[in-house]
Participant: 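Structure incoming, see below.
Per chain, numbering begins at 1; letters A, B, ... match sequence-line order.
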Amino acid sequence: MAVEGSLRPGGQAAQLALNMKLIAHNELAGFGGVGEGINMQKTKDGRRILWLAHESAPKNFTGVDVTDPRNPKMIVQTDLPHADVRSNSLDVVGDIMAVAYQTKKWGLKPAGFDLFDVSKPEQPKLISHFDASGPHSRGAHCVFFVDGEYVHLTSGAADFEPTNPKDDQFYRIIDVRNPSKPTEVGRWWYPGTRKGDSAPPPPRHPKFDGGYRPHNTNVYPKKPNRAYVAYIDGGAWILDIGDKSKPKPVGHLQYSPPYNGFTHTVLPLIERGYLVISDECVKDNGEDWPKLTWVVDARVESNLVPVATLPLPPAESFIKRGGRYGSHNMHENQPGPCSFRSETLIFATFFNGGVRAFDLTNAFQPKEVGYFVPGAPKLAPKGSAQINDVWVDENRLVYAVDRFGGGLYTLETSF
Amino acid sequence: MSQTQVSPSTTRDALAGLIPVSIITGFLGSGKTTLLNRLLKRPEMNRVAVIVNELGEIGIDNDLVEVSSEQMMLLNNGCLCCVLRGDLQETLRDLFIKRRNGEIIDFDRVVIETTGLADPAPVMQTLITDSLLLEQYRLDCVVTLVDAVNAPGQLVQFTEPVKQVALADRLVVTKSDLVTEQQLSALTSRLREINPKAPVKVALNGEVELSFLVDVGLRRADARLEEVERWLGAGEEEDEHGHTHRHDQTVQTFVLRFDRPLAWEAFTQCLEVLTALRGPDLLRVKGLVNVAGKAGPMVVQGVQHLFHPPLELAAWPSTDRTTRLVFITRGIARETVADLFKAIGAVTAGQPV
């Protein structure tokens with residue numbers, strides 16, 4: 001049988017879509033590289049502002065007015081102080097926005113996070129800076145801030161010296177009830193990753209040493225005594241944070257090796273007692289495939305049981321598109337007036353595999369129900385779209401962002 | 001957002017998002033190839049995948065072909081034409097996989113040409129029962145072509161054409177220019193006797209627009225009244241005594257209505273008994289069932305002995321909550337089915353239905 005690779009217009013890196021329709025696209029004034037911080041603010045005057053943290057310098061964050069979702073308007077875009085720092089992650093509660101700062105090397109500043117007053121979204125006003133810089137710290141990679149009271153942070157600290165240079169960040173709980181004076185109230189790190197620990201340093205991943213540090217640290221007001229922490233090569237953790245000063249592990253799942261590490265997000269389906277755990281693909285051209293998203297039965301927290309993975313199209317087809325292909329971010333059921341929340345529908349991003357939606361009604365057999373893979377953006381460095389993160393609003397409009405130049409894609413679903 | 005969009009829920013709509021499939025059937029020489037040849041060139045065929053028996057037979061001019069392979073050709077209007085390979089399950093699965101892998105166009109509709117001798121029932125059954133296909137596709141419409149010249153004879157001589165007409169959601173009369181107006185009107189009356197619910201269109205020179213061949217099946221769980229009525233077919237309703245005014249001797253079309261909610265177990269038991277006893281003669285069943293304890297109606301559809309897994313609609317499309325079931329049968333009278341429902345309903349539910 002003849003090869004049928006060309007029976008679509010636009011060739012290999014062309015747009016693909018099922019049950020998701022592009023209704024708007026904004027390249028963010030030529031700075032269309034977005035990291036993994038997206039959240040939506042509903043302003044007091046009724047506007048809907050989508051806040052995006054950039055993947056890397058020179059831009060810090062961008063605000064887009066999506067009140068009319070078909071006509072997104074960029075209202076503000078800010079710059080970083082220098083090229084050796086990135087923001088990557090942000091969250092918004094009410095009119096307060098937290099933005100993470102991570103430096104390329106230890107000892108640089110700013111490293112930590114800023115709190116901004118965005119009551120006038122066109123003019124974000126700095127409230128305070130939480131300094132996490134130090135001789136062994138790159139600052140913060142990720143913030144999770146949804147209750148207006150605590151920032152759950154992945155960060156280094158001035159007093160933290162890792163046993164391995166790759167393990168330089170850990171889980172920190174920062175009280176921001178007084179936003180002008182953020183104060184650390186608790187922390188937890190993987191035993192053996194800090195110099196002086198009684199536990200031995202954990203074994204390195206034999207093929208891809210991604211490090212032992214958290215990525216996402218999710219805590220939901222619906223279950224305030226639990227932190228769901230993805231610990232890169234250290235697997236997935238559930239921590240009891242009933243006493244914030246003493247987080248206590250209650251559940252742990254480690255599946256790497258044999259898998260290729262980089263546990264990225266632990267999303268709890270709180271009502272149903274499942275976790276959806278994504279890995280991050282960090283290598284181009286399928287080198288670290290498979291990077292999967294796991295469905296895990298967490299009804300007994302001390303015995304986490306993987307029961308399925310989200311069904312993905314074959315790697316052979318997508319690796320050819322260029323860049324990374326595999327799991328990464330998910331919409332995380334954030335609380336808040338504009339956020340979509342579901343115990344069965346999961347939206348996730350897969351770099352050149354685009355943004356994809358899954359129905360987990362039957363947790364043992366998740367179904368793919370829609371996808372959108374943009375065509376390669378202009379001047380795409382990898383020759384393909386690299387969809388990095390996704391956020392879904394309460395009207396089930398999907399906001400997906402590209403890691404390099406593609407910017408913001410707004411999609412309507414039909415399932 | 002569009003005006004028609006209703007507020008999305010936090011769960012998936014089991015119907016919306018499935019790719020609709022239309023089946024084109026018709027007796028040998030009924031003009032399927034001519035119709036397909038014309039249809040394929042229409043601009044609205046963009047993003048439609050058409051499964052044909054042979055690419056060569058369709059006779060598409062080379063200058064309309066964008067790219068082609070042994071099994072498929074992409075036309076410059078965006079229509080993908082592909083050959084039935086192996087069985088239909090395999091072809092439809094393969095098409096979906098190729099679509100997902102980005103190897104072919106993002107088709108959002110499928111049209112299947114059946115072979116001239118084919119009984120459309122197995123094709124329909126495949127679509128309503130194959131567990132893999134059910135995840136991606138839904139049966140939208142069965143279109144039967146009727147050749148104005150030969151059909152009157154064929155409908156007397158053979159049983160297959162009668163079945164093809166009876167199973168149709170839409171009837172297209174071809175070659176009407178070769179018969180007199182009188183012959184044409186005799187044929188359409190005959191078609192109405194066999195299938196009073198399917199709209200009939202006379203196609204001139206094999207021309208028929210895509211819109212007549214699509215959008216019959218239910219498209220979403222929050223279907224509106226007109227969508228439900230379109231699916232069930234308007235046509236002739238029986239009078240208060242349960243009699244239609246015109247009959248065909250072999251094919252009966254009738255509607256059963258039940259005012260009170262039914263127990264699901266009793267209802268399925270009725271269908272089981274009916275299919276066990278008269279499966280082959282139960283040509284087509286479709287309808288909405290008011291099931292005790294359910295907020296929305298259950299959608300039921302079957303072809304002979306096989307039924308689609310039941311689906312629940314989000315809500316009743318109107319205040320009318322009576323169960324309505326359309327039966328198209330070969331020689332099963334309305335009374336037989338009604339009595340069965342009465343008997344089993346009485347036995348299992350302990351109350352008359």
Participant: Does a sphere of radius 6.0 Å around NZ in A:K42 hold more than 12 heavy atoms from other residues, nucleotides or ligands, not counting ones at 6.0 Å or beyond?
Facilitator: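 At most 12 heavy atoms, drawn from other residues, nucleotides or ligands, come within 6.0 Å of this atom.
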Participant: What residue in B:N101, B:L80, B:D13 has the most heavy-atom pairs under 4.5 Å with chain A?
Facilitator: B:N101
Participant: Please confirm whether the backbone N or O of A:S342 pairs with a side-chain atom of B:T10, one donor and one acceptor, at under 3.5 Å?
Facilitator: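 No.
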Participant: Between atom CZ of A:F415 and atom CZ of B:R220, what is the distance when rounded to the nearest 0.5 Å?
Facilitator: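 Rounded to the nearest 0.5 Å, the CZ-CZ separation comes to 16.0 Å.
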Participant: Hey, could you give me the CG/CD distance between A:L18 and B:Q136, rounded to the nearest 0.5 Å?
Facilitator: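 Rounded to the nearest 0.5 Å, the CG-CD separation comes out at 7.5 Å.
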Participant: So what's closer than 4.5 Å to chain A heavy atoms on B:F107: side chain, backbone, both or neither?
Facilitator: neither
Participant: How far does CG of A:L16 sit from CD1 of B:I104, to the nearest 0.5 angstrom?
Facilitator: 11.0 Å
Participant: Enter the distance from A:S414:OG to B:R219:CZ here, rounded to the nearest 0.5 Å.
Facilitator: 12.0 Å
Participant: Side chain, backbone, both or neither: which part of A:E316 has a non-hydrogen atom closer than 4.5 Å to chain B?
Facilitator: neither
Participant: Please flag which part of B:I97 lies under 4.5 Å from any non-hydrogen atom of chain A: side chain, backbone, both or neither.
Facilitator: neither
Participant: Donor-acceptor pair, A:D359 side chain versus B:R12 backbone, under 3.5 Å?
Facilitator: no
Participant: For A:Y371 and B:R100, work out which heavy atoms get closest and say how close.
Facilitator: OH-CA, 3.3 Å
Participant: State the NZ-CG distance between A:K21 and B:D108, to the nearest 0.5 angstrom.
Facilitator: 11.0 Å
